[in-house]
Structure formats: structure tokens, C-alpha cells
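What follows is one structure encoded as C-alpha cells, with my remarks underneath.
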Amino acid sequence: MSVKLINMPSLPNIPWEERPAGSSHVLWRYSKNPVIKRDEMPHSNSIFNSAVVPYQGHFAGVFRADNTSRVMDIHSGLSEDGLKWTFDPDPIVFQGDPEVTAFQYRYDPRVCWIEDRYYVTWCNGYHGPTIGVGYTYDFKTFYQMENAYLPFNRNGVLFPRRINGKYVMFSRPSDNGHTPFGDIYVSQSPDMEHWGFHRWVMGTSLPWCSTKIGAGPIPIETSEGWLLIYHGVLTSCNGYVYSYSAALLDIDKPWKVIARAKPYLMSPQMIYEQVGDVQNVTFPCAALVDGDTGRMAIYYGAADTVTGLAFTHVDELVDWVKENA
Ligand code: BMA
């Protein structure tokens, strides 16, 4: 690999399929997509926009499931291979201050290993959407901390290590509805509860994401900068279209963009991405990476209904971002 991965452990059992014969695209979909179907929990209407991490030689995750009452909540899950999942049919119950843990809605989780635990961030209903923050050691007991920001905010995504001694998080300030605007910012915190030093990272300057953007999976540290995969929205005459692409950010000042690809990496083109509860959505929330080979598996929500999986190589993706910037 020309591109070096930094602080990325081996993941020999990463879910993986080689690029299909005849394809030259940098990203390719799992042949058995959707990897998670809508009804894999007893009362789920849909399972999508979910986060997966390596855990004890296998995989664990936090999954967005809307139930058949259309309550939006998050559930833990375990998997041997990252493909077939055993979900907790009951939503996560957080330990913590009842003023903060009181449930309104929870969706779009991300999971990030930092130092000694798995942090979970999600869009948390607290008199409007904001960023909930919690953590777990074992995917059984979950603890909730203070909300990171005031409403309205979404797409809170942590960096996997402190930068200059501070925890760092992306977010996307928004409104109370189907926000028709939104740029990516980063904020810093000494303790994971007090967030400040807000910096603007990037906005909606490209046609495929001219309405709004939001960070996706946990950024990946490479010799060429932080590799950020992010979703972006185009407003068509038939509504929003959610695609995703990638950018490279400065390692010490991640609000400085080194390169940002002009094209999307994936847009809704398969029937399970185009048709569902919300049409035309591909929404990535997690990526697994094998530190030895650079193989990468991206989990993305499809049409707000099911979960898809796509593959690439980190070094090819970094080269693609630079070549297409
Ligand atoms: C966003 C979020 C996502 C969802 C997307 C498309 O605002 O609500 O959870 O996937 O809209 O509906």
C-alpha cells in the first residue's frame, strides 16, 4: 500500500468480497445486499443507518431500528462475521441522569473506540434533535453523558483519538425538520461533555450535495490525512437524493480540507436504495478497515429501510479522492 494506515488494528475476518469482474469503480456493493433486512428484529419496520465495530475478535454494533409503531430507537447487536446479526430486540437502556436519558427518539448511531471504551453518538431527541453521547464496554450496559450541543444538530461523529489532547467531533447544525441546509463543523472537548472551539470544515459547494452534508463513519487516520466519508443531499424535482463521497482532512487541524472528491462515490442506484420508506437514500454510518491489507467495508442505510454493505481498498479510495479533487 502506498497509503499508510495509522493506528489501525488487523481485521483478518473483515466481511469481504473481491471487486466483481468487469468493474473498475473504486467502490463495489456486496452481492447479497441488503446485508440487513428490514424485519430482522421482532417488531422492526426498518433497520438502517447503523454502526458496526470490531469487538472481541468478532463484531458488535448499534443499530437504528424504527419499530412498527414508528418509534425511532437504537439497539445493540453482535455478529460472528459482520453479515449475520443477532440483535437485542429491546432498545438500549442508558444509565445516567434521568433528565438526560429521558427518551424522545434516538437515531443514526455511530460507534467509536477511543482509549478504553466504545463511545456511541446519535441523533437524540431533547426538545429537538441534538447529539447524544454515551459509552459502553461490553455492548450490554450503556451509560449516557450530557448531550454534546443544544438543539438543533445531527450527524455527531467522533474522531478515534484525541488531537492535541482534545476529543474531537464532527457535527452538522440543523433545524427541527427535514433541514434544507447544513455544513460540517468540528468541535473539541477536554472531557467529552463540554464542547467548543467550533470550526467550519466544509459546505455544500458540489452539485451532488448542494443542499446539505453530514459526516458518516468514524474518520480513518492515514499518512495522507484523515479520510472522511460523508453523505450529501441534492434536491431534485422529486425530493432529496442522498449520496456519499470522501475527502481528506489535515491530521492536526481536521477543519482544513486537503482534498475533496468532486463526484459521489455512491448514489442510490439499486432498487433497495431507490425504493423504501424514503426513496433514494444511501447513508453511511460505519466502516470497518483491516489495518494489514487496507480492505474496507462500509455499512450504509438504504432507502431508510435496510442496511447495505460496500467494499473498497483504503489506498485506492485515497488515490481516487486526490485524482478527483
Ligand atoms: C435525515 C435523517 C436520516 C435519514 C435521511 C433520509 O435527515 O433523518 O436518518 O436517513 O434524513 O430520510
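In each ligand, atom 1 is the first atom listed, and ligand 1 is the first ligand listed. Residue numbers start at 1 and run along the sequence shown.
Applying the salt bridge (charged side-chain N to carboxylate O under 4.0 Å, His left out) criterion to R260, with sequence neighbours excluded, gives no partner residue. For W226, the ring pair (Phe, Tyr, Trp, His ring centres under 6.0 Å) criterion is met by F159, not counting sequence neighbours.
Ring orientation note: the planes of W16 and W28 are nearly perpendicular, at an angle over 60° on the 30°/60° scale. Between F142 and F94, the angle of the ring planes goes over 60°, which puts this pair in the perpendicular group of the 30/60° scheme. A parallel orientation is assigned to the rings of Y135 and Y143, their planes being inclined by less than 30° (bins at 30° and 60°). Between W195 and Y149, the two ring planes are tilted [angle within 30° to 60°].
Comparing Y300, Y242, F283 against atom 1 (C) of ligand 1, the shortest heavy-atom distance belongs to Y242.
Among protein heavy atoms, the minimum distance from atom 12 (O) of ligand 1 is reached at D304 OD2, 2.6 Å. Closest to atom 8 (O) of ligand 1, if we only count protein heavy atoms, is Y107 CE1, 3.9 Å.
The side chain of R64, and not its backbone, has at least one atom closer than 4.0 Å to an atom of ligand 1 (non-hydrogen atoms only; side chain from C-beta on). If you look at T179 next to ligand 1, there are no close heavy atoms at all, none under 4.0 Å.
Of the polar atoms of R154, none of the N or O atoms is found under 3.5 Å from an N or O of ligand 1, judged by distance alone.
Close contacts between ligand 1 and D108 involve ligand atoms 2 (C), 3 (C), 9 (O) [criterion: under 4.0 Å to a heavy atom].
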